[in-house]
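Here the structure comes first, spelled out in structure tokens, and everything after it is commentary.
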Amino acid sequence: MSHGFLSPTGVEIAFVLVGVVTLGSAIVSVTTRRLVHAALWLVVALGGLAVEYLLLTAEFIAWVQVLIYIGSVVVLLLFGLMLTRAPIGRSPDADSGNRGVALGVAVAAAAALVWVVVDAFRTTWIELDGASAGTTKATGESLFQHWVLPFEALSVLLLAALVGAIVLSRKRAAEGDER
Amino acid sequence: MHLAYPAVLSALLFCTGVYGVLARRNAILVLMSVELMLNAVNLNLVAFDAWLSRAARSALPHDTLHSGQALTLFTIAIAAAEIGIGLAIVLAVYRNRGTADIDRLRDTTERGRTDGDGGDGGSDGSGAGAGSAGPGGTATGEKAEATA
Amino acid sequence: MSTITLAVLVPLLPLLGAVAGLLLGRVAPGFTRPLAVLPVLASLGLAATVAWRQGGGKPIDAVTELTPTGSVPIELALHVDGFAALAAVLVTLVAACVQIYSTGYLRHDARYPSYAALVSLFTAAMLLVVYTGDLMVLLVGWEVMGICSYFLVGHYWETPEARAASLKAFLVTKAGDVPFLIGLFALAADAGSFRITEILAAVERIDHPTLIALLLLAGVAGKSAQFPLHTWLPDAMAGPTPVSALIHAATMVAAGIYFVARLLPLFQASQAAMVVLAVMAAVTMAGSALAALAQDDVKRVLAWSTIGQLGYMTGALAAGDRSAAAFHLLTHGAFKALLFLTAGVLIHAAGTNSLAAMSRMSGLRARVPDAYWTMTIGLLALAAIPPFSGFFSKEAVLVAAEHAATGDGGPVAAGWIVLTAGLLTALLTAAYATRLWLRAFRGRGAEAPAHGRQPFTMTAVLWVLAVPSLALGAAYGVLPDWFGGDSLAPGWATSLLATGIALVGGVITYATWRHTTAFAIGAPLGAVAAHPDADPGQVEAEAIASHTPAYGDVADAPDPADPGRLLLGPLHRHAAAGFHLDALYRAAFVRPVTAAASLVRFLDREVVETYVRGAAALPRLLGAAVRRAQTGNLQTYVSALLAGTVVLTVAVVLAVSGA
């Protein structure tokens, strides 16, 4: 296959299209005035990313993405929005006064990063043929052979996070009852 | 596939997340933007893993550990833990202050002589605030007022 | 022990007593009284021994070089002649009496240890002045006396009068001391030495005797309270009475007279200086006697009287007769100290220092019989009634003036000036002495409060001092040998004239008093300090502090029963204020200096400090600017962080790719 710069394989076209959707929904998510809509647009972005993972033959990660991110993280965010009585409709003060600076910094960072990345990887291609290294089987083998220790450490981390979240969100005894 | 596509997409998503962190007022929206940033990183990791694990036939560096994918999994897990804790903190703040606006959480402000931000207590090391050392603190405070 | 050793010990013992007193005052308070009294008593004995051994013969000289200075060396020299020996006996006698008196007067005073030590130090300084033969050492003693006088006059420093008076005394005497110092240096430069004997030997060689004499006279005027630098002495009465007795009667004010007497040949070398001296003496004598007649405060009467009597001594010196001045110095020292000490007893008994209040009090004489009799003796000596000592010494002065007037002694003009002023002053002296006696002891009205017997230490010394006041005049035959001068015998003409004038003055005053006493009934007046059992010192402090609130003025009281008002007529108001010299000095010197001081303060605060504050303003502005970055807003912090990171990244990339 040719490696011309504009070699239009199907994967690339699909990737670009899904990427545009992802990026667009991400932008909407950070700019919309309706807070709940922002969470929902985030779902779209995360879903788009899951499709991208599939296109990059990382199946296991794609489904983990869907499960964890879309399934629980966004739900948590929605819970957070509800518990902090976020306004359901259009909220006039969804953006702080830092908008201008934020836009400037983001655009500058984007320009710098994109330019550096494009310049560095001008002639690099990903080989997507051959045996996929992203199957569940392959991932599992790799995880439990080479990455066992970090995996266990991660589980301890998750436990700590669990305990911490419970402690933090517990109401003080004096606040509620007369005990 | 050209590596530039996922890399550029990742960079753009990351900067979108940066904008969100810097521009949004509600703390939960900030957390959402942080998730965007983490996901951009994940995409980067997956793309590079895909590139590096297939490069056996050339002289490029060869990765048999699939570290990119492993790290992606770990990142997802850690992001989940982080969002849990983050939301717990936001809830605690909301309960204490009645608001989740980042703008209102200004405990480390430099205190001038006339402002008092929503009754927040002065924080240490931030200028001519009320000293916590009692007479020494107030004396230096008064002295600073006198010479100022 | 050789006489020189004894002479050195005479000033040394009180000095050691002072140092020990200052060091041990707090630590061992039980020792302060012996440390105050014993050294000066020992000094008295030693001074008497020195005087007896010297006997008016050849002066005792001893010298050792203290430090070479490149031009005129400073030497520690001792020069004890008859005059010095007798003066030292007087000083130690009065100092001993004052110290003993003070043990009773300031019985419970908290600052007694430092007071006694300062009195001892003062005594040592005066003895140094008396015995020394070197002008620099004399200057040291002179200045130490000045500073001790500041401390002692300001003893009751809780009262504003004492604070002001001590500062005034210090400043006025220093105003005279600056020309004095310049004069000393000029003198030593011309004569080649600081030693008095060498200066006197080199009198003809001095180039500008008038200038030097006038410069030295400035210091003498300040120290001896002569016109125009006399204004500090009446106000210095705000100090304790024993201090007034020591400093303002017998010693410090006599130091100026003593100095001129020692260096008289130098002054005689300049006719102009002698005439100036005579005019100074005359103005002082007459003015002070008029002022004394108008004073309400007992001590101020005595203060003005001191100024006048010192004028007499100055007049004798102007007429060229040092022995007469010395004689009057000795007798005046005795009777004026006596008068001040009796005044102290009187103030304690009456509870007030105001004559107006005392004249409305009866029975004061019975309360303090010792003070009554000794004060009478003292006043008679002051008024120069024979056979008291004052008569003989004043006669000596008038005879000297007569001799000068007839061409026999000093300049003729000086002689006439002194003679006329002296006779006028004799009249006025008798007048104010009589007024004092009548107002204090012949008052009519409520009974004086009974405070019990006065302390024995206070009354005993009165009698000790009454002896020379009474009898020292009889020594007029012997003293000329000591002073090395002419005869001191009274002349017939002057004695009849002067005594007659004095008696006339006394009689007129008595008659006026009889006339004006009737007015007292319509004008009740008087403020009495209400501390029947307090220390005499405390009573005096209260009396001084309450005089102005009670009578509106520190010197005068609006009393129609005062014979002085009638006698002085329209002059009374001016005389009471010392002829407004204080107001003149205030306008001419004090106001400009305070104005200059406030100008300097303004410049310092507004001009110089503005620069200082301006220098501080810049860092403060910078700091404020930097502090504004600390908004507490998380998003601004992160924005700044990220922006900086982006910039750094771009820079690194450009640098790497460029390289």
Side-chain angles (χ1 to χ4, degrees), chain A residues 11-12 15-16 19 23 26-27 30 35 38 42 46 49 52-53 56-58 61 64 68 72-73 76-77 80-81 83-84 86 93-96 98-99 102-103 105-106 109-110 113-114 117-118 121 124-128 130 133-134 139 142-143 146-147 150 154 157-158 161 164-165 168-169, chain B residues 1-9 11-20 22-26 28-29 31-33 35-36 39 42-43 46-47 49-51 53-55 65-66 69-70 72-74 76-85 87-92 94 100-103:
Chain A
V11 179
E12 284 186 344
F15 193 93
V16 169
L23 188 61
I27 290 174
V30 297
L35 304 192
L42 185 68
L46 296 173
L49 275 177
E52 302 281 30
Y53 292 151
L56 287 169
T57 70
I61 293 178
V64 167
I68 308 283
S72 37
V73 168
L76 267 180
L77 285 169
L81 279 174
L83 286 171
T84 56
D93 57 349
D95 286 336
S96 73
N98 212 28
R99 259 197 340 246
L103 188 61
V105 171
L113 277 173
V114 167
V117 160
V118 164
F121 299 109
T124 324
W125 272 269
I126 307 175
E127 302 288 332
L128 288 174
T139 312
S142 157
L143 260 184
H146 304 293
W147 296 93
L154 188 65
L157 179 89
L158 283 173
L168 275 174
S169 53
Chain B
M1 177 161 65
H2 201 285
L3 184 57
Y5 291 120
V8 166
L9 177 62
L12 290 173
L13 274 177
F14 185 82
C15 294
T16 313
V18 165
Y19 172 78
L22 298 180
R24 293 302 236 169
R25 182 166 287 179
N26 195 317
I28 302 191
L29 294 176
L31 283 171
M32 273 188 224
S33 309
E35 290 305 316
L36 262 179
N39 276 285
N42 280 348
L43 178 61
V46 168
D49 182 78
W51 170 47
S53 59
R54 301 276 173 76
L65 275 179
H66 300 296
Q69 296 208 0
T72 307
L73 285 170
F74 292 152
I76 293 178
I78 291 172
E82 173 243 334
I83 196 82
I85 300 270
L87 280 172
I89 292 176
V90 169
L91 278 177
Y94 180 77
D101 284 356
I102 291 205
D103 279 8

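In what follows, chains are A, B, ... by sequence order, proteins preceding strands, each numbered from 1.
The most heavy-atom pairs under 4.5 Å with chain A, out of B/T72, B/I85, B/N26, B/V18, come from B/I85. For the set A/L103, A/L77, A/V64, A/I27, the entry with the most heavy-atom pairs within less than 4.5 Å of chain B is A/L77. The choice from B/A80, B/A23, B/A77, B/A11 that makes the most heavy-atom pairs within less than 4.5 Å of chain A is B/A23. Ranked by heavy-atom pairs under 4.5 Å with chain A, the first of B/L12, B/L31, B/L43, B/I89 is B/L43. Listed options B/V90, B/I102, B/L91 were ranked by heavy-atom pairs under 4.5 angstrom with chain A; first place goes to B/L91. Per-residue counts of heavy-atom pairs under 4.5 Å with chain A were compared for B/G17, B/A70, B/A100, B/S33; the largest is that of B/A70. Interface check for chain B: of the options A/L23, A/V16, A/V117, A/V105, the most heavy-atom pairs under 4.5 Å are formed by A/L23.
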Q: Test side-chain contact (heavy atoms from CB on, under 4.5 Å) on B/H66 and A/W147 and set out the steps.
A: CA-CA 10 Å; B/H66 300 296; A/W147 296 93; 5.6 Å; no

Q. Going through the distances and angles, do A/W125 and B/L3 end up as a side-chain contact (heavy atoms from CB on, under 4.5 Å)?
A. CA-CA 5 Å; A/W125 272 269; B/L3 184 57; over 6 Å; no

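Between A/T84 and B/Y94, the shortest heavy-atom distance links the atoms O-CE1, 3.4 Å. The two atoms that bring A/Y53 and B/N39 nearest to each other are OH-O, 3.8 Å, heavy atoms only. Closest non-hydrogen pair, B/A88 versus A/L168, comes out as CB-CB, 3.8 Å. Nearest heavy atoms, B/Y19 versus A/A106: CB-CB, 3.7 Å. A pairwise comparison of heavy atoms in B/A47 and A/I126 identifies O-CD1, 3.8 Å as the closest pair. Closest approach of A/E12 and B/H2 over heavy atoms only: OE2-N, 2.8 Å.
Judged by distance alone, the side chain of B/R24 and the main-chain N or O of A/V30 form a donor-acceptor pair under 3.5 Å.
The shortest distance between side-chain heavy atoms of B/L13 and A/L49 falls below 4.5 Å. The side-chain heavy atoms of B/R25 and A/D95, taken from C-beta on, include no pair separated by under 4.5 Å. The side-chain heavy atoms of B/V8 and A/V118, taken from C-beta on, include a pair separated by under 4.5 Å. Using a 4.5 Å heavy-atom threshold, the side chains of A/L158 and B/I78 count as separate. In this structure, the side chains of A/T139 and B/Q69 come closer than 4.5 Å at one or more pairs of heavy atoms. Looking only at side-chain heavy atoms (C-beta outward), A/V114 and B/C15 stay at 4.5 Å or farther from each other. A 4.5 Å side-chain heavy-atom check between A/L81 and B/M32 finds at least one atom pair inside the cut-off.
Only the side chain of A/I68 comes within contact range of chain B, with heavy atoms under 4.5 Å apart. Residue contact with chain A, scored on non-hydrogen atoms closer than 4.5 Å, involves the backbone and the side chain of B/T16 alike. The contact between A/L83 and chain B is made by backbone and side chain atoms together, counting heavy-atom distances below 4.5 Å. Contacts between B/L29 and chain A at a heavy-atom distance below 4.5 Å involve the side chain alone, from C-beta outward. For a residue to count as touching a neighbouring chain, one of its non-hydrogen atoms must lie under 4.5 Å from one of that chain's; by this rule A/L76 touches chain B with backbone and side chain alike. For A/L154, the part lying under 4.5 angstrom from a heavy atom of chain B is the side chain only. Only the side chain of B/L87 has a heavy atom closer than 4.5 Å to any heavy atom of chain A. In this structure, chain A has a heavy atom under 4.5 Å from the side chain of B/D101, while its backbone stays farther away. B/I28 touches chain A through backbone and side chain together, each having a heavy atom under 4.5 Å away. Using a 4.5 Å cut-off between heavy atoms, A/L42 touches chain B through its side chain atoms alone.
Annotation: the span from B/L73 atom CG to A/S142 atom OG amounts to 9.0 Å, rounded to 0.5 Å. Once rounded to the nearest 0.5 Å, the distance linking CG of B/L36 with CG of A/L46 reads 7.0 Å. In this structure, the separation between CG on A/N98 and CG on B/D103 is 8.0 Å, given to the nearest 0.5 Å. Between the CG atom of A/L56 and the CG atom of B/D49 there is a distance of 9.5 Å, given to the nearest 0.5 Å.
Under the 30°/60° scheme for interplanar angles, the aromatic rings of A/F15 and B/Y5 are found to be tilted.
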